[in-house]
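What follows is one structure encoded as structure tokens, with my remarks underneath.
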Amino acid sequence: MARYNARESETRWQAAWAARDIFAAGRNPDRPKSYVLEMFPYPSGRIHMGHVRNYTMGDVLARFRRAQGYDVLHPMGWDAFGLPAENAAREKGVNPRDWTYANIEAMRGELKAMGLAIDWSREFATCDPGYYAQQQKLFLDFYRAGLVYRAEADVNWDPVDGTVLANEQVIEGRGWRSGALVERRKLAQWFFRITDYSDELLAALDHLERWPEKVRLMQKNWIGRSEGLEFGFDLSNGGRVDVFSTRPDTLFGASFIALSPDHPLTEQLAARDPGLAEFVAECRRLGTAEEAIETAEKLGYDTHLAATHPLDSNWKLPVYVANFVLMAYGTGAIFGCPAHDQRDLEFARKYGLPVLPVVIPEGADPKEFRVGAEAYAGPGRLANSRFLDGLDVAAAKDEVRRRLEAAGRGRAVVQYRLRDWLVSRQRYWGCPIPMIHCAECGIRPVPESQLPVLLPEDARFDLPGNPLDHHPTWKHVTCPCCGKLALRDTDTLDTFVDSSWYFVRFCNTAAPMPVDAEAACRWLPVDQYIGGIEHAILHLLYARFFTRGLKRLGYVDIGEPFAGLFTQGMVCHETYRDRLGQWLLPEEVEKVDGIARRRGTDEAVEIGPSEKMSKSKKNVIAPETIIDIYGADTIRWFMLSDTPPERDIEWTEAGAEGCWRFVQRVYRLVTESEVTPGAAMPDEVSGPALELRRASHRAISSVTEDLEALRFNRAVARIYELANAISAAPQEVPASVRCEALETLVKLIGPMMPHLAESCWEALGHTSLIAEEPWPVADPDLVRADMITIAVQVDGKRRGEIAIARGAEEETVKASALALDGVVRALAGKAPRRIIVVPERIVNIVT
RNA sequence: GCGGGCGUGGCGAAAUGGUAGACGCAACGGACUUAAAAUCCGUAGGGCCGAAAGGCCUGUGCCGGUUCAAGUCCGGCCGCCCGCACCA
């Protein structure tokens with residue numbers, strides 16, 4: 001029996017593709033283009049199953065498009081800057097650069113073993129000086145265009161590691177590595193002015209039709225647009241405080257003013273009020289951890305200031321500092337209307353403040369309506385509000401706005417939750433920010449002639465803090481303006497900057513400027529982007545912003561970077577624990593008759609639920625191991641089979657074996673069939689031969705449709721059906737028909753199991769590469785059968801089926817349906833009242 | 001709390017309002033084999049009747065509705081998952 005040798009075949013075909021360089025993009029400028037991209041990996045050292053799933057999907061699409069006649073760009077690169085390299089340097093004494101490039105080397109080998117149809121000539125790493133040099137140029141362009149600025153900001157400062165931490169790296173108020181309590185520090189930092197595009201980033205979401213609804217929604221919420229009124233209250237100390245409200249209609253229900261603990265006025269007051277200073281300190285200790293917020297009591301501190309109601313100068317409101325008011329949103333101060341805001345209600349109840357309903361639900365009596373434990377946030381008519389009484393909410397909002405605007409005390413504003421993007425990082429392994437700080441001239445960009453600002457290779461990692469900052473010489477430069485001694489900016493850019501334009505650079509990785517306009521025009525936007533949902537906001541929003549910046553600068557002429565987005569599910573596996581509750585690796589466990597034991601012992605192992613593969617739970621399978629055992633095509637087939645691509649998939653040994661068996665089965669089908677390549681198809685085929693031809697063309701039709709829609713699991717099922725039809729075809733089927741079926745099968749598996757397909761194609765007598773063969777086209781006459789089987793129902797219950805010619809007369813259909821035994825029995829002599837015939841679908845006889 | 005998604009055999013899942021469970025995994029029976037592996041053939045939602053052929057009932061989380069016809073559409077529950085969350 002012929003055995004398929006995956007290892008030998010895969011090496012051989014990978015070499016054959018490389019020798020002919022068939023995956024190079026841009027070789028067919030006359031063809032339509034297709035840019036297929038998967039989110040590039042961080043070079044951690046090894047590829048994992050998530051990568052395999054992601055890159056398999058992208059590869060199938062890239063190969064499918066190529067076969068369909070597109071000029072395909074399908075590149076690969078490395079998101080290579082970032083903290084892990086620096087940590088490795090601190091912990092193991094290696095150079096971050098050496099560590100990173102060694103990882104890239106290892107991972108490139110693993111990716112190549114997957115047989116990906118990638119144009120490797122375009123490969124780059126974001127830590128290549130050739131890339132980050134261009135990024136520095138872009139940073140300066142953005143700076144000159146007003147899209148970059150420097151400002152003081154509160155940041156998470158880890159006093160032990162001496163660096164700023166991202167929010168995600170602060171766990172319960174402590175640095176994730178050092179365990180030290182994180183401090184809030186005000187530091188001067190660089191920002192990208194993403195909020196310039198708040199409205200546009202929001203509005204354009206509606207046109208991203210090939211993006212998952214979920215991602216668009218998440219971005220929408222993140223941008224968080226709300227319309228309201230900003231207006232001021234005069235204070236008894238002669239000052240004034242501005243508030244923002246989306247409910248100015250409830251202004252006559254106001255009971256108090258609340259300032260954020262971080263409000264400038266709070267700071268000013270705290271300087272002379274130790275009680276307030278203590279209160280502010282306590283608020284900061286509580287922190288912003290989600291759990292703390294959820295359970296924290298509404299706390300306030302009475303400043304004993306009085307605020308004058310803007311619509312009634314005799315009305316005074318108490319001014320509190322409250323722990324629930326965020327400086328980051330609106331103006332950092334609110335007016336509290338307890339009757340119509342749950343949070344304000346809780347606060348009012350605690351401090352004995354009035355709760356006056358001013359919006360009365362339709363049908364309720366304004367005199368009777370009371371607010372209990374729940375604030376009323378619904379629609380209604382205004383009451384207890386003087387000239388607003390009787391108006392609905394919208395009209396009341398308008399009226400308050402009109403009056404406050406007329407009085408010069410307020411204005412309609414649109415608030416966004418989105419904040420500018422802080423890109424400074426006090427770290428070594430990133431793109432240096434090309435700025436110079438001069439005592440005389442201030443902050444000056446590094447002149448372009450002096451770009452790139454390269455990272456020093458002799459940094460030390462044995463000290464806490466930023467290695468660039470305590471490098472003995474690197475930061476000392478002369479000012480480009482006055483020539484006096486000055487200092488480099490020692491911060492590096494957030495690595496999300498690197499990934500915000502890498503897909504643009506792929507269009508021409510050798511361009512002496514950041515973007516080769518002609519190449520960008522040819523390839524952009526990315527037609528299909530594939531990656532994990534975890535980037536739904538950060539990376540995908542930053543890239544959308546960056547594209548707009550690039551457009552403003554004239555580098556690109558597209559509105560959106562990614563025309564199509566697909567977010568794939570995670571790869572999961574069962575978890576295992578020993579008697580002591582310690583996690584076990586899958587290879588430490590063996591299962592006999594469904595009972596799990598520690599391999600080589602009789603120690604019972606507890607099988608836990610299937611969860612995302614993670615090092616901490618040890619439920620990981622190394623792709624390399626699977627490729628070694630079964631080959632790349634098996635692992636690729638697994639990733640595409642059974643589970644819809646957007647859902648989580650569970651890796652199982654049995655499933656992998658099943659895939660491997662199918663690989664062997666296809667190979668056997670091809671090599672054990674007697675086929676005569678090129679034999680002429682008989683003019684007339686009928687019976688089983690016709691059925692097989694139909695099966696082939698149906699498969700072409702449905703697999704094509706499924707791949708277009710990225711429904712890989714359905715495409716796989718259709719391919720199984722074809723394989724089953726070929727197996728089941730009787731001897732008498734002519735070799736030409738069998739050959740057509742086999743060639744179809746091989747072409748259809750081509751994008752999914754490319755090595756197996758090449759071997760089979762060769763076995764069928766071809767000397768060409770299937771990777772260069774066009775995608776098959778279905779004959780519509782063969783896709784639609786002449787004879788069809790339709791179900792016959794009586795009163796909606798299935799009672800039989802009839803085989804009938806397609807396009808048969810309705811009367812004929814009715815007659816055959818009524819003649820069925822089952823129908824006669826079910827009717828039991830009753831006359832049908834109505835017979836519904838849906839052509840080619842169903843007959844329903846209603847009594 | 002707000003927003004979104006999902007709920008179908010032992011499991012992963014299919015199903016333009018039109019034969020529910022395609023296809024795969026696991027399972028079971030058989031063939032081949034000294035034996036095993038591999039392979040091939042067959043069975044299979046649940047229940048009942050029948051020697052069999054076959055027939056009947058029931059079935060897509062629960063309750064109701066629309067329709068000749070509902071896994072699919074509408075209303076109301078229940079459960080699970082994800083995202084956001086003191087956003088004024």
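The analysis underlying the following values was restricted to heavy atoms, covering all of them including side chains, and did not include hydrogens, waters or symmetry mates.
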Distances for protein N or O near nucleotides 21-23 of chain B N or O, under 3.5 Å:
{"unit_1": "B:A22", "atom_1": "O2'", "unit_2": "A:Glu721", "atom_2": "OE2", "d": "2.6"}
{"unit_1": "B:A22", "atom_1": "N3", "unit_2": "A:Arg718", "atom_2": "NH2", "d": "3.2"}

Check whether any side-chain N or O of [X] sits under 4.0 Å from OP1 or OP2 of [N], and answer yes or no.
| X | N | answer |
| --- | --- | --- |
| A:Arg417 | B:C87 | no |
| A:Arg841 | B:G17 | no |
| A:Arg661 | B:A26 | yes |
| A:Arg647 | B:C81 | no |
| A:Arg3 | B:A37 | no |

Categorize [X] for me: base, sugar-phosphate, or nothing, with a 4.0 angstrom heavy-atom threshold over every strand shown.
| X | answer |
| --- | --- |
| A:Asn844 | base |
| A:Gln793 | base |
| A:Leu217 | sugar-phosphate |
| A:Thr246 | sugar-phosphate |
| A:Val243 | nothing |
| A:Ser727 | nothing |
| A:Gly658 | sugar-phosphate |
| A:Arg419 | nothing |
| A:Val838 | base |

Among [options], the one nearest [X] by side-chain distance:
| X | options | result |
| --- | --- | --- |
| A:Ala654 | B:C25, B:C82, B:A13 | B:C25 |
| A:Val846 | B:C86, B:C68, B:G83 | B:C68 |
| A:Ala791 | B:C86, B:C68, B:U19 | B:U19 |

When the distance from [atom1] of [X] to [atom2] of [N] is rounded to whole Å, what number comes out?
| X | N | atom1 | atom2 | answer |
| --- | --- | --- | --- | --- |
| A:Leu669 | B:U39 | CG | C1' | 12 Å |
| A:Phe638 | B:A26 | CZ | P | 11 Å |
| A:Gln664 | B:A37 | CD | P | 17 Å |
| A:Arg798 | B:A20 | CZ | P | 7 Å |
| A:Ile334 | B:C87 | CD1 | P | 9 Å |
| A:Leu820 | B:U19 | CG | P | 16 Å |
| A:Arg825 | B:C56 | CZ | P | 5 Å |
| A:Asn323 | B:A88 | CG | P | 17 Å |

Using a 3.5 Å distance criterion without hydrogens, assess whether the side chain of A:Asn323 forms a donor-acceptor pair with backbone atoms of A:Leu299.
yes
For [N] and [M], measure between their [atom1] atoms and round to the nearest Å.
| N | M | atom1 | result |
| --- | --- | --- | --- |
| B:A35 | B:G42 | C1' | 23 Å |
| B:C23 | B:C78 | C1' | 32 Å |
| B:G17 | B:G5 | C1' | 22 Å |
| B:C73 | B:C80 | C1' | 24 Å |
| B:C11 | B:G45 | C1' | 14 Å |
| B:G10 | B:C81 | C1' | 22 Å |
| B:C28 | B:C77 | P | 46 Å |
| B:C62 | B:C49 | P | 26 Å |

Answer with yes or no after comparing the ring centroid distance for A:Tyr301 and A:Tyr320 against a 6.0 Å cut-off, counting only values under it.
no
Pair partner, [N] [Watson-Crick or wobble, under 3.5 Å]:
| N | value |
| --- | --- |
| B:G7 | B:C78 |
| B:U39 | B:A31 |
| B:C84 | B:G1 |
| B:G45 | B:U58 |

Side chains of [X] and [Y]: is there a donor and an acceptor less than 3.5 Å apart?
| X | Y | result |
| --- | --- | --- |
| A:Glu374 | A:Tyr376 | no |
| A:Asn724 | A:Arg665 | yes |
| A:Asp199 | A:Tyr416 | yes |

A:Arg401, CZ atom: more than 12 neighbouring heavy atoms under 6.0 Å:
yes
Salt bridge check, [Y] against [X]: does any charged N sit closer than 4.0 Å to a carboxylate O?
| X | Y | value |
| --- | --- | --- |
| A:Asp341 | A:Arg343 | yes |
| A:Arg711 | A:Glu708 | no |
| A:Arg216 | A:Glu213 | yes |
| A:Arg784 | A:Glu840 | yes |

On RNA chain B, does the nearest nucleotide to A:Asp795 precede the nearest nucleotide to A:Ala728 from the 5' side, or the other way round? Give the residue.
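Looking at the nearest nucleotide for each, A:Ala728 comes out on the 5' side.
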Quick one: on RNA chain B, does A:Thr331 or A:Glu213 contact a more 5' nucleotide (nearest heavy atom)?
A:Glu213
If anything within 90° of 0 is syn and all else is anti, what is B:G65?
anti
Kindly determine whether A:Glu810 and A:Lys814 satisfy salt bridge (charged side-chain N to carboxylate O under 4.0 Å, His left out), including the steps that lead there.
CA-CA 6 Å; A:Glu810 188 165 318; A:Lys814 280 184 186 172; 3.7 Å; yes
Does A:Arg343 contact B:A88 through a side-chain donor or acceptor facing the base, at a distance under 3.5 Å?
yes
